[in-house]
S.K.: 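A single structure is presented below for examination.
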Amino acid sequence: MAENLPAGLLEACVVIGAASDKLREVCQSQLQGREFPAVDAEVLQVHAPPFVVKEAAGEAPGPSAFSRVQRRRSFIKKKRERPEGTARDAGAVKNGEGATEDISVPIDIDLVALPQLCFPGGLQISSESREDCFHFLVFTDVFGNQTHGVVVQYYRPVQDSTLHQNGHWSSSKTQRLYSPFGICVISKYPYYNALRDCLSCLLVQLRTCRMMDFEERVKEFAARLALVPIPPPGQLHVAFSLRPLQIVLPSREDKDNPAVDLDLHLPFLCFKPTQLLQIITCIMMEQKVVFFSSDWALLTLTAECFMLYIRPLLWQHPYVPVLSRQMLDFIMAPTAFLMGCHIHHLEEVATETDDLVLINIDEGTVSSTSSENDDIPDIPLVAKECFMKRREGLQIHYDLEVCRLGTSTDINDMRSQRRQWQQQLNREIQTITLELIVNIFREVHDHLNYEPRMFNSEEFLRSREPMDQHFYKKVLDTHIFHSFLKDRLNRKMDSFTRMERTTRSEAQRMKALSDSPRRPTMQEMARKHSGPENRMSKRLGLSLPNLGQEHALGSPHKQTSLKKLTLESGALKISRKAIKTFKLPEFPPPLAYHYVQNYYSELIGLLGKAIASVPPENSALLARYYYLRGFMNTMGGKRLDALGDFQTLYKTDMDIFPCELVKTLTDSLSREERAQAERRSELKRLISKVKKEQDGERDGRDDGVKKFQLPKKHMHLEDFVKRVQESGIVRDIGTINRLFEALTVESFKGCLGGQGADTTMTASSKSVFYIDSSLDGQLKQVDPEMFRLFYTFWKETEAEAQDVHLPASVIERLYTHECVYKLSCSVKTSHGVGKIAMTQKRLFLLTEGRPGYVEITKFRDIEEVKISSLPFLLLRIPSLKIKSSLRKEMFEANLKSECDLWNLMIKEMWAGRKMADDHKDPQYMQQALTNVLLMDAVVGCLQSQKAIFAASKLAYFDRMKLEVPMMVPKTTSETLKHKINPSVDQTSPQGVDVLLYTPGQLSSDAEGDGNPKLWCALSNGKVVVFDAASWSMQQNCVQVGVSQLNCMLGLDLHQVWIGSQDSVIYIINTRSMSCNKQLTEHRSEVTAFALEERSDKYSPVQAYSCSTDGTVIIWDVSTLQVRRQFRLTCERLQSIKLFNGTLWCCARSSVMELKKNGVLLRKVSLPDQLQSKPTAFSSFTFLTERDQLWTGCVDMAEVCIWNTSDLSKPFQRIPLQDCTGVTCMIKVKNQIWVGCRGWSHGKARGKIYVVDMEKHSVEKELVAHTDSVQALCSAEDRYVLSGSACEDGKIAIWKVE
């Protein structure tokens, strides 16, 4: 069935059994005393929706109930006689002999193989009735789509008396025979327990019904199930009554995971934890796995449990949990597979087939038939030990849970009690197994390169513990892992990502902010010398202290990242989620069209009442009710009502929006319905949006994972940049340009040396290129062999760094996050013989003999670095001298051939440290560190006289120190607190379009951390979130559409509104960090928000939004409904603000004051002298206590102050020195902060002017950005945050005085 069609609970109901003629032969054989002939199972009945259609009621054809099963095919089979038992049946047999019938079934149901799967052990006629037996099936098509089946085998007597050959009945009695019937309910959803309960209810009816009514009862049963809707993802379950039981369909947790309707603890009862982990390992390694059991039901249930355990990893290979005896040849398949067989075949399979993993469920054992005797590798130790501890805390025995309780006298109450216990246990098991997967693959994201979509597997493997590498080598080459990588590179926000981020340690969060090459930290080195219990913190979130305060390793740690997953107790404390269950009305006679339509109407009415009873702030529950009502309206043929319900999901929860179903609905609208939709504005917008998506070209981006390959051809600059980024060495384009210059110095200068005067030089903004006129202007190139040497040296240096071991006494002297990036050879120094070590903070001497630590200097304390020479016999040995402000004597080291390189590196680190301190920007130090390591690699691969000259091309900060005065103005230095880079994982800086600060809360709830946050909008709909308590990046990318973002508004601590250039208002849930709501009422670019202050705590919260076409919409925040809207006549409405109960609106050529209903009160136009100039208002603020309006213009170097008593002209202008235009302004305490484009030292700069509101004068002129200031926001009037355009792309944090 097509995926875009709405699917109910039932896909088909199939009855399997022995054909009547075969049963007659069995009876004859019994009478004659002969051996029973072999009887094969056949398809006897097929019941699939739709069971009723409008035409069946005698009404005219036309648009009717939405047909759920459109793709169908014919199944031709022999027409059966009615089962034996009456004289009328005998006549029917005679008259219908040899006839066939054509049964219409869904196209993806294989009725040929189904009889074997329903009777995997064969159909057996019995002389006594046997117990009803259930088992479960999974069908997978060629596209990987699954359907699920629940089968019950039950026995009925073949006959009541003996049929003689002459056709007359006889009263003589023989031994009664019983024949099994199999009833298979097939669904697209894995509701194993629910469908088993449904079949149990059916069996109660079948035991008392006559055989002639058998088919009708089964058909009515199937028709009832076809009326049951599937609950949408979330916390709304669906219940219905199928006497004598009440059946509950649990919902999926989210759209990425299936519903869990089985007992996830079954494998925990069958296997010990070690065997559980072995099976998970075999599945992740994509082995040929075969489950064995004497119970057919356990095969599928166990396999399905393991499929859920490994999520979000997805099995990619053949999956047949139940193999009939006729299908045993499947296990000869050459590819990986997961299959299940009866225990009777264990020895046969083990003997005949190699390279299988045999899992005996009955005995709880795992074995292998591999001829290579290759043991199953262990799960990584840290993840394994955590899993073992969690397992100890699980309570998997229900009897222990209820032994203190009384016995319920109501079977449905007992079932409900057990169901709640099981659902809670399932959640605990899913959390434990998800944590296992997270602990195994937590560091994968550290080795991803998002832009070229690459994963550095070699580097990842080198960073693993030696004992774990065998496991990772096996897993990293699998299809499972490849699919997992694609999701990570797509930045998929799934359960893995959420848990990985919420359990990330402080050190890991800081590491995510750093773009410097990876080296083991002191904490990681210390962990290597410690026991496994201390290594656990590496992946389980034991936090480092705030790295703004440099504590030693022995400092007490603060546990902040694990709120619920407490390792100490071993048990998981998972809060119970509030579950709501919607009860369906009683089923009507399901084969009558008008009764079914009445049922739909009743159900829609109940959903309407449920919607009315839900408070508007509970939007998640509202969304589920709207989804269900939309589904039922679809099934009832009410297309417009269905579209209206689905359109409401934009405002309640976009995560469950059924895109394909809505597209199908819009395509199926009749001309009359389409005309009605055009008259309903919300439906018109929805249909327009769907049509736009259909007409637009599909996104053709490659979502594969690329493998890095060394180049085979010479590379110009553009190709070189691409290759270096793919290699993962460095992402920043400016740094790669300098590396290109360094690697082409020798080869190109050699070329120039032979060309003489025919050489010219040209310059660009990025780098300098030498062009040889005799070479037709060809640019410099990097030789592939040169690239290979450089790449090899870089990787070898990284590998060697992993093997650096420092004595514990040395580790104790360094900060936990420090790394050793460079070690010299053993040299003689003024402090003795040893190796000079360089970290990101200092130089120290690792003395030889008795290993010791002698600090040379921190980079910020350096005063002078120079090369000298020491006489030795007739030679002079180069030495390096370093003067520190903390020591009187200079440190001297006889570095010999390494002297020039260390001189370059130390000067670069010194300059980077100075810039980082002066500009309060730690990224300068990270960039300097990257430059230094690139210098080392360039010198290592060139090995020539020009190597040091080439490496000097990378001395970016040292050169800047010499070329440009780096002194930060005193006022700027005193006011600037810190700088952060929101584009740390981008290849080039991104402009900061909007900033928003949201305050924290004193007590964090279960899903939030309570800290204040800084929201930063970058280009193309990217939003980056920082923890404003530590300024560490909390969320590196929340994707909000693909257009530029213009404005943000924080509301009620749980949502952030974002206005976009694409006319949509996106709403981010601050708990889940997902954008799951949209407001689509604007028709053009959304430019600003304003929040109305509440008159009292009971009054509704209202927010204002405006768009460039002059539209202003007032929203009820709790319901997201439009209270009212109006449209202004103006040119590009770009901002709105509320002051003293009136609305101030800023357009390009005017600022207007309006009543809240849109009535114009006053208007301010551009000053007369500016009317003829191409300028416009850019920003404004209103000082209510002074009745003053302050405005700034795009191309004017001044702030104009208007008095509200005379708005004809500004009464004062405040000039802004070295300014070319005002971009933004905000009021903070008694100051106005004005962001501008300006000049400083002859270069374009972003400038901020702090203007005193009383004196009307500029108090401070702040320069910290190299591009214009585009955004300003205040953090509780304590700090002001400024964001700049793309040439700089940084956020500066300023103190407010």
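Nothing here was measured: the structure is a model prediction, and the numbers come from that model.
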S.K.: As an exercise, state the distance from CZ of Phe844 to OG1 of Thr839, rounded to the nearest 0.5 Å.
M.R.: 7.0 Å

S.K.: Please confirm whether the backbone N or O of Trp1190 pairs with a side-chain atom of Thr1181, one donor and one acceptor, at under 3.5 Å?
M.R.: no

S.K.: Is the count of non-hydrogen atoms from other residues, nucleotides or ligands lying under 6.0 Å from Lys977 atom NZ greater than 12?
M.R.: no

S.K.: Does the side chain of Trp1015 reach to within under 4.5 Å of the side chain of Val1038, using non-hydrogen atoms?
M.R.: no

S.K.: With a 4.5 Å limit on heavy-atom distance, are the side chains of Cys1219 and Lys1247 in contact?
M.R.: no

S.K.: Looking at side-chain heavy atoms only, is the closest gap between Val1250 and Leu1262 below 4.5 Å?
M.R.: yes

S.K.: Locate the shortest heavy-atom distance separating Ser1135 from Thr1087; write the atom from each residue and the value.
M.R.: N-OG1, 4.4 Å

S.K.: Rounded to the nearest 0.5 Å, what's the gap from OG1 on Thr1223 to CG on Leu1272? Could you check?
M.R.: 7.0 Å

S.K.: Heavy atoms only: give me the nearest Tyr821-Gln840 pair and the separation to one decimal.
M.R.: CE1-OE1, 3.5 Å

S.K.: As an exercise, state the distance from OG1 of Thr975 to CD1 of Ile1248, rounded to the nearest 0.5 Å.
M.R.: 9.5 Å

S.K.: Just by distance, do the side chain of Lys907 and the backbone of Asp958 share a donor-acceptor pair under 3.5 Å?
M.R.: no

S.K.: Does any N or O in the side chain of Lys1295 come within less than 3.5 Å of the main-chain N or O of Glu974, such that one atom is a donor and the other an acceptor?
M.R.: yes

S.K.: Within this structure, what is the CZ-CG distance for the pair Arg453 and Leu448, rounded to the nearest 0.5 Å?
M.R.: 9.5 Å

S.K.: side-chain contact (heavy atoms from CB on, under 4.5 Å) for Val932 and Met838? Distances and angles first, verdict last.
M.R.: CA-CA 10 Å; Val932 162; Met838 181 183 75; 3.4 Å; yes

S.K.: Are any of the side-chain heavy atoms of Lys914 and Phe957 separated by less than 4.5 Å?
M.R.: no

S.K.: Quick one, Val1251 and Val1258 - any side-chain contact, counting heavy atoms below 4.5 Å?
M.R.: yes

S.K.: Indicate the atoms forming the closest heavy-atom contact of Glu1276 with Tyr997, along with that distance.
M.R.: OE2-OH, 2.7 Å

S.K.: Does any N or O in the side chain of Ser1032 come within less than 3.5 Å of the main-chain N or O of Asp1027, such that one atom is a donor and the other an acceptor?
M.R.: no

S.K.: Check for a donor-acceptor pair, side chain of Lys1137 on one end and backbone N or O of Ala1090 on the other, with a separation under 3.5 Å.
M.R.: no

S.K.: Are Met1073 and Arg501 close enough, and set up right, to give a side-chain contact (heavy atoms from CB on, under 4.5 Å), and what steps lead you there?
M.R.: CA-CA 11 Å; Met1073 287 296 173; Arg501 287 183 176 173; over 6 Å; no

S.K.: Can you tell me if Ser1043 uses its side chain to pair, donor with acceptor, with the backbone of Gln1061 under 3.5 Å?
M.R.: no

S.K.: Using a 4.5 Å cut-off on heavy atoms from C-beta on, say whether the side chain of Asn449 contacts that of Arg731.
M.R.: yes

S.K.: Work out which heavy atom in Met909 is nearest to a heavy atom in Phe859; give both atom names and the distance.
M.R.: CB-CE2, 3.5 Å

S.K.: Parallel, tilted or perpendicular, judged at 30° and 60°: which one describes the rings of Phe455 and Phe460?
M.R.: tilted

S.K.: Look only at the side chain of Ser727 and the backbone of Val724, and say whether a donor-acceptor pair between them is shorter than 3.5 Å.
M.R.: yes

S.K.: Can you name the closest pair of heavy atoms from Gln1039 and Gly1041 and give their distance?
M.R.: NE2-O, 2.7 Å

S.K.: To the nearest 0.5 angstrom, please state how far the CZ atom of Arg1071 sits from the CD atom of Gln1055.
M.R.: 11.0 Å

S.K.: Hey, are the side chains of Met1048 and Cys1273 touching, using non-hydrogen atoms and a 4.5 Å cut-off?
M.R.: no

S.K.: Out of curiosity, Gln1270 CD to Leu995 CG, how far, rounded to the nearest 0.5 Å?
M.R.: 10.0 Å

S.K.: Check Leu1018 against Asp993 and note the closest heavy-atom contact, atom names and distance.
M.R.: O-OD2, 3.6 Å

S.K.: Does the side chain of Ile1226 reach to within under 4.5 Å of the side chain of Cys1224, using non-hydrogen atoms?
M.R.: no

S.K.: Closer than 3.5 angstrom, by distance alone: can the side chain of Ser983 be matched with the main-chain N or O of Gln990 as a donor-acceptor pair?
M.R.: yes

S.K.: Do NZ/NE/NH1/NH2 and the carboxylate oxygens of Arg813 and Glu855 come within less than 4.0 Å?
M.R.: no

S.K.: Consider only side-chain N and O atoms of Arg488 and His445, and report whether a donor and an acceptor are under 3.5 Å apart.
M.R.: no

S.K.: For the side chain of Arg498 and the backbone of Met493, is there at least one donor-acceptor N/O pair under 3.5 Å apart?
M.R.: yes

S.K.: Hey, mind stepping through Thr972 and Trp1294 against side-chain contact (heavy atoms from CB on, under 4.5 Å) and telling me if it holds?
M.R.: CA-CA 9 Å; Thr972 298; Trp1294 308 89; 3.9 Å; yes

S.K.: With sequence neighbours left out, what residues match Arg491 under side-chain hydrogen bond (donor to acceptor under 3.5 Å, both in side chains)?
M.R.: Asp985

S.K.: Counting only heavy atoms not in Glu1259, do more than 12 sit closer than 6.0 Å to its CD atom?
M.R.: yes

S.K.: For the pair Arg860 and Asp917, find out whether any cationic side-chain nitrogen is under 4.0 Å from an anionic carboxylate oxygen.
M.R.: yes

S.K.: Identify whether NZ of Lys or CZ of Arg in Arg738 sits under 6.0 Å from the centre of the six-membered ring of Tyr956 and within 45° of that ring's axis.
M.R.: yes

S.K.: Can you list everything that forms a side-chain hydrogen bond (donor to acceptor under 3.5 Å, both in side chains) with Trp910? Sequence neighbours excluded, please.
M.R.: none

S.K.: Can you check whether Asp1267's main-chain N or O pairs, donor with acceptor, with Ser1284's side chain at less than 3.5 Å?
M.R.: no

